[in-house]
Amino acid sequence: MANHRVGETGLTESRPPNHHHHHNIPYAVLHGMNVPTSFIHQEGSAFGFGELEEAIVLQGVNIRNDEAKAPLFRPAATLEMFPSWPIRFQQTPRVGSSKSGGESTDSGSAVNTICSKTENQLEPESPISTKNTTPLDHQQEMASDFSRTGTSQNQPVAKLPQEKRRGSTSEKQLDAKTLRRLAQNREAARKSRLRKKAYVQQLESSRIKLTQLEQDLQRSRSQGFFLGGSAGAVGNISSGAAIFDMEYSRWLEDDQRHMSELRTGLNAHLSDSDLRIIVDTYISHYDEIFRLKVVAAKADVFHLITGMWTTPAERCFLWMGGFRPSELIKMLISQLDPLTEQQVMGIYSLQHSSQQAEEALTQGLEQLQQSLTDTIAGGPVIDGMQQMAVALGKLANLEGFVRQADNLRQQTLHQLSRILTVRQAARCFLMIGEYYGHLRALSSLWVSRPRESMMSDDHSCQTTTDLQMVQPSQIHFSDF
Amino acid sequence: MHCQTTGSWGSYMPTTRTAATVVVGDPLERIERLASENAVVIFSMSSCCMCHAVKRLFCGMGVNPSVIELDQDPRGRDMEKALIRLLGASPAVPVVFVGGKLVGAMDRVMASHINGTLVPLLKQAGALWL
């Protein structure tokens, strides 16, 4: 039979590349099975075997040219000559070899899939095959198909322009699907490339940030003291907070100066009036930090209230963004001897009233927290934005509490200076300054203390077990 | 601690705040009138947390202040504005009067407590006995 011959010809003479033709040829025919001729003629009204043989010859030519590039030769490859089954044809080159842009099926299932698709697609394609296509078109299509499939193994993308050359809608139908698929693949690949790029960039910037942080840490350690939190820190700190931190570090330097003045003034046994000047200067020095804190509370209340402006040890004792006045007085009471009875009463009264004020402010803050919780806690949220607006309004009250707490601190220090004599006041303020200085030094020591867990094998580094604050830089954690 | 924060206090003239008694007049006058009706008068708002703090302060001292919640008073808005003018600053509440005389907002109250002037004032007004 002619078909059989065709099939055999396909098998022996050529390696038909993947190829489309709009004409319907039953699968059985293509595989060289015995099929009654009548069956074939039924479908192939617009297709002539003459053309087919021409096509085969052309195909053969092309294939021989591309032989190096198209190693595929399969019995099922004869299917490729017939573009009527677009999907299947695309599958065939994949049978047992690398794909050429169509769906992937393994060789075992390909045949079956192709077979089923043949049956499925016979009907839809018959109208297509009856469309106005001249034999010339067919040939052109076949030729372009051959060349396409000839190179298909190596250039799946190159298929596209060749696919586009086709005029008939059956080709377009195939092309559309292929095109879409290829486009999607490209898009997906592009997106994943972009994601990868973004991720790498993020890693890079994090690395840079990390090295900067390490440098800052090294620097502050080598300076021997730990500036509470954020004087030179990288990262998320508001401008108000950063400004306050800078001002606070300057204030600390001034504090050192004032304290040495107090010390020398006490040791030099200055007159009371002279000492009074020094003491009043010191009180104004404290007034200044409270003024700065008012501004800071307005700019960034959370910075103050979380104690990020102080050292860790100070933070441990933090109350409403600063020291707790009654605790300070408790610390002073034992050291302020000798005191007159009146002074003792005054000091205890001061401690008592500051405790009451602290308690009142704490309860007010607790009510604020409760109110805030009630506002933002789940429940029936009618209007989320409104809820947030109300919560924001409540949160704004935090500033008031920090301000009142600072006010309390300021008033306490002033009252102390009123109760005490000049000399006692000078000693008192020196004690306060030294107390917080010790607390800050403790923080610094804590941060740079030797950590045994990090020294697994290298015991030589444990020589610095004695706490020497002066050389924290000896401990090089980078060695590990 | 039991602390009566609303309404009247036993031995003093009770504060009559009814919507029916519409006193036409200057809100400031009303404030002053209300302030003189009790030993310790706190102008407050029920939602204000700082007002709660000042109330707790007085209760903690054993004082039973008379509280006027402006948000619950029909003429509260006018009085609020008058208080801002009186204080020269916002917020209007809390404001404390002791013995009919203005002590001030929270910062003044705290300062006066710390510097030891508040307790004598309270004793003088009869709000505190020792």
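Here is how names work: the chains are called A, B, and so on, in the same order as the sequence lines, proteins then strands, and each is numbered from 1.
Atom CE of A:M345 sits in a sparse spot, with 12 or fewer heavy atoms from other residues, nucleotides or ligands closer than 6.0 Å. Counting heavy atoms of neighbouring residues, nucleotides and ligands inside a 6.0 Å radius, atom CZ of B:R77 does not exceed 12 of them. For CZ of B:R108, the number of neighbouring non-hydrogen atoms (other residues, nucleotides, ligands) closer than 6.0 Å is 12 at most. The environment of CD in B:Q124 is sparse: at most 12 heavy-atom neighbours from other residues, nucleotides or ligands sit within 6.0 Å. More than 12 heavy-atom neighbours from other residues, nucleotides or ligands sit within 6.0 angstrom of CD on A:Q335.
Counting heavy atoms from C-beta outward, B:L57 and A:E359 have side chains that stay 4.5 Å or more apart. Residues B:M106 and A:N407 are not in side-chain contact: their nearest non-hydrogen atoms beyond the backbone lie 4.5 Å or more apart.
Counting heavy-atom pairs under 4.5 Å between each of A:S353, A:S354, A:A357, A:S371 and chain B puts A:S353 at the top.
Taking both residues in full, the closest heavy atoms of A:Q363 and B:H52 are given as O-CD2, 3.7 Å, listed atom of the first, atom of the second, then distance. Considering every non-hydrogen atom in both A:G364 and B:A53, the closest pair reads CA-CB, 3.9 Å.
Note: A:Q367 CD to B:C48 SG = 8.5 Å, rounded to the nearest 0.5 Å. Between atom CG of residue A:L361 and atom SG of residue B:C49 there is a gap of 12.0 Å, rounded to the nearest 0.5 Å.
Of the two parts of A:Q415, only the side chain, counted from C-beta on, holds a non-hydrogen atom closer than 4.5 Å to a non-hydrogen atom of chain B. For B:C51, no part lies near chain A; criterion is any non-hydrogen pair under 4.5 Å. With a 4.5 Å cut-off on non-hydrogen atoms, A:S349 does not touch chain B at all. Using a 4.5 Å cut-off between heavy atoms, A:Q404 touches chain B through backbone and side chain atoms alike. Contact of B:M110 with chain A is made through the side chain alone, with heavy-atom distances under 4.5 Å.
Evaluation of the salt bridge (Lys or Arg N to Asp or Glu O under 4.0 Å) test over residues 388-416 of chain A, restricted to residues two or more places apart or in two chains, returns A:K293-A:D406, A:K298-A:E399, A:D406-A:R409.
Heavy-atom neighbours of chain A within the stretch residues 112-121 of chain B, taken at a separation under 4.5 angstrom, comprise B:H113, B:I114, B:N115. Near-neighbour residues of residues 79-105 of chain B relative to chain A, defined by a heavy atom under 4.5 Å from a heavy atom of that chain, are none.
Residues that satisfy the ring pair (Phe, Tyr, Trp, His ring centres under 6.0 Å) test with A:F429, not counting sequence neighbours, are A:Y282.
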